[in-house]
> 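Take a look at the following structure, please.
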Amino acid sequence: MEKKSAKSFIQEIAKFCKEKGFVFPSCEIYGGFSGFYDYGPLGVELKKNIKDEWWNTFVRQRDDVVGIDACTITHAMVWKASGHVESFTDPLIECKKCHKRFRADHFIEDSLGISVDGITIEQINEIIEKHSLKCPYCKGELTSAKAFNLMFKTFVGAVEDESSIAYLRPETAQLMFTNFKLVMKASRLKLPFGIAQIGRAYRNEISPRDFLFRMREFEQMEIEYFVHPDKLNDCPYLNEELLNFELNVYSAEMQKKGEKHKKMKLKEALEKGIIKTAWHGYWLVLMYKWFVDLGVNPEKLRIRQHLPEELSHYALDTWDIEYEFPFGWKEIHGMANRTTYDLERHMKFSGKDLTYFDEETKKKIVPYVVAEPSQGVDRAFLVFIIDAYTKEKDRIVLKLHPRLAPYKVAVFPLVKRDGLDKKAKEIHEMLKKDFTSFYDEKGSIGRRYARQDEIGTPFCITIDYQTLEDDTVTIRDRDTKEQIRVKVSELKKILYELIYNGVKFEEIKKKL
Ligand code: GAP
């Protein structure tokens, strides 16, 4: 998509989200607050469903992953040890005349239309000089680029000095490392195992942009997966289904050669050494498949390996899951091999023993983070909305997976009289106990369907005159607009099949 139309598409999505009550610009009555968004009544339901799906899949349904919920304001030593105080920076440039500030790599990408992932400060300064780039607002001269730390700093307690500095966490990950020993002991965990967390993270982004894509306060769903350092390929969970799962793969080598991504089975990517460890491949497929199972178009997903110059200070090898947004292929998930870096650093800085006793060799070892699946909640939200947003001839329909939809059902009386409204309310009350249900008696039935299509409600239940005679109702399918008539006594069971068991509307129709 062209840059201008990509921008207007994102603006259209942001407007849609605001009008329907998914997402609001934060503090709008005070002119807004750049990089901050509030979730509205429908947004909070969709976001909760995304987090529940993730937590159920990767924590509750597994025996080897446990969860924590740690603080968001954190001890300064955590970030000194992790390397964030020193290295968690983006390049900043400023206009010498109007003093507007820009994230230098984004500024170059926007000005020259080239990708400069992983570029150094020196290279940035060379490019700015070579192309005589100026401030896009006042044509003023620009300063040289300098490293800008993205962490929000605060003070804890009544005194504001060096000793009371604390940081708002820029990732949830570090708290999994600082709690590592406590969690391992309390849950009596044996390697391999993971610690998971969903929670807020804060980054003072220089130029927040693209709606929910780059925010200053956001949420992450992360797992630190620890294995024995000598067993990076012993993954007992890799079965035929996962090995034969097809991914769009874009390795560092393909990027260097100027090639496009290739479709490849995990098996092939491992055999050819493109993905280096079985564990990394396993977690990449699981996270990629999570999006596909929740309805995202697989053609718009790929895994992309970081170029060596892009790697974070803690990473040996990183693969992102990317989605093809209207503004290009962008990271929605980061998965680094963090080695033993973090536990080693925390041992060094705290003086505490964070090792694991290996019963087999009777030796202490430092567990190895072979993969750190790190998913932004808000970027997942944006993907699910954009992928589902469909314009048809006569309607806008949000084709969200039923499990994610804010309302699972809407209940309508055909007309608001003759006892149809009373019966409809009874059915709504009955359904509400198991599904999020919306009752609507206002306007024409067509208008009521259209309102639900727009917000992604997969099924609408209509109560008509026949209901009063034989206790049956119609279920209308959002995507096909087809209807079936079912007994009220079977309604919950059928809805459950449709929403949670993945049974298709067509199949139910055939069986009736
Ligand atoms: N613990 C590793 C880590 O934080 P990251 O690649 O910096 O890695 C992981 O972030 C994920 O968090 C990203 O893939 C993205 O989904 C989300 N994320 C990061 N910065 C974000 C921002 N400013 N706004 C929204 N989501 C963000």
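Start at 1 and go down the list; that is how both ligands and their atoms are numbered.
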> Check whether NZ of the Lys or CZ of the Arg R304 lies under 6.0 Å from the centre of the six-membered ring of Y250 and within 45 degrees of that ring's axis.
no
> Less than 3.5 Å apart, any donor N or O on the side chain of N337 or Y368 sitting next to an acceptor on the other?
yes
> Is it true that atom NZ of K181 has more than 12 heavy atoms of other residues, nucleotides or ligands lying nearer than 6.0 Å?
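Counting neighbours around NZ of K181, more than 12 heavy atoms of other residues, nucleotides or ligands fall under 6.0 Å, so yes.
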> For ligand 1, which atoms, with element, lie under 4.0 Å from some heavy atom of H333?
14 (O)
> Applying the salt bridge (Lys or Arg N to Asp or Glu O under 4.0 Å) test to E219, which of K48, K47, R379, R169 qualifies?
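Among K48, K47, R379, R169, the one meeting salt bridge (Lys or Arg N to Asp or Glu O under 4.0 Å) with E219 is K47.
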> Just which atoms of ligand 1 are under 4.0 Å from any heavy atom in A173?
1 (N)
> Please determine, by modelled atom types, if Y323 and D387 share a side-chain donor-acceptor pair under 3.5 angstrom.
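Side chains of Y323 and D387: pair found under 3.5 Å.
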> Are more than 12 heavy atoms, taken from residues, nucleotides or ligands other than Y137, located less than 6.0 Å from that residue's OH atom?
no
> Does only the side chain of E331 get under 4.0 Å from ligand 1, or the backbone, or both, or neither? Count heavy atoms.
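Contact part for E331 vs ligand 1: side chain (C-beta onward).
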> Taking salt bridge (Lys or Arg N to Asp or Glu O under 4.0 Å) as the cut-off, I'd like each qualifying pair that reaches into residues 65-81, sequence neighbours left out, listed once.
none
> For atom 20 (N) of ligand 1, which protein heavy atom lies nearest, and how many Å away is it?
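Of every protein heavy atom, R203 NH1, 3.3 Å lies nearest to atom 20 (N) of ligand 1.
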> Considering only the protein, which heavy-atom contact is closest to atom 9 (C) of ligand 1, and what is its distance?
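For atom 9 (C) of ligand 1, the nearest protein heavy atom is S374 OG, 3.0 Å.
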> Give yes if a backbone or side-chain nitrogen or oxygen of Q375 is under 3.5 Å from a nitrogen or oxygen of ligand 1, and no if not.
no
> Tell me which protein heavy atom sits closest to atom 25 (C) of ligand 1, plus the residue, atom name and distance to 0.1 Å.
F213 O, 3.3 Å
> Would you mind telling me if ligand 1 is within reach of the side chain of R338, the backbone, both or neither, using heavy atoms under 4.0 Å?
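For R338, only side-chain atoms sit under 4.0 Å from ligand 1.
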> Tell me which one of Y237, F58, W279 satisfies ring pair (Phe, Tyr, Trp, His ring centres under 6.0 Å) with Y225.
W279
> Taking atom CZ as the centre, does F148 end up with more than 12 heavy-atom neighbours from other residues, nucleotides or ligands that are less than 6.0 angstrom away?
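It does: F148 CZ has more than 12 such atoms within range.
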> Any nitrogen or oxygen of E372, side chain or backbone, less than 3.5 Å from one on ligand 1?
yes
> Would you mind telling me if ligand 1 is within reach of the side chain of Y314, the backbone, both or neither, using heavy atoms under 4.0 Å?
side chain
> Nearest to atom 17 (C) of ligand 1, what protein heavy atom do you find, and at what distance?
G376 CA, 3.7 Å
> What part of E222, side chain from CB on, backbone N/CA/C/O, both or neither, has a heavy atom under 4.0 Å from ligand 1?
side chain
> Is there a nitrogen or oxygen of I332 sitting under 3.5 Å from a nitrogen or oxygen of ligand 1?
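Looking only at distances, the answer is yes, because the N/O contact criterion of under 3.5 Å is met.
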> Got the closest protein heavy atom to atom 24 (N) of ligand 1, with its distance?
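For atom 24 (N) of ligand 1, the nearest protein heavy atom is M215 N, 2.9 Å.
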> Can you pull out the closest protein heavy atom to atom 18 (N) of ligand 1? Residue, atom name and distance to 0.1 Å, please.
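I find the closest protein heavy atom is F218 CE1, 3.5 Å.
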> I need the atoms of ligand 1 closer than 4.0 Å to a non-hydrogen atom of E171, numbered in the order shown.
1 (N), 2 (C), 3 (C), 4 (O)
> Give me the residue, atom name and distance of the protein heavy atom closest to atom 12 (O) of ligand 1.
Q220 NE2, 3.2 Å
> Would the number of heavy atoms belonging to other residues, nucleotides or ligands and lying under 6.0 Å from CD of E259 be above 12?
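Buried by this count: over 12 neighbours within 6.0 Å.
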> Under a 4.0 Å threshold between the charged nitrogen and the carboxylate oxygen, would E241 count as salt-bridged to K289?
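Yes, this pair counts.
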> Mark up the atoms of ligand 1 that fall under 4.0 Å of a heavy atom belonging to G334, in ascending order.
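Listed by number with element, the hits are 14 (O).
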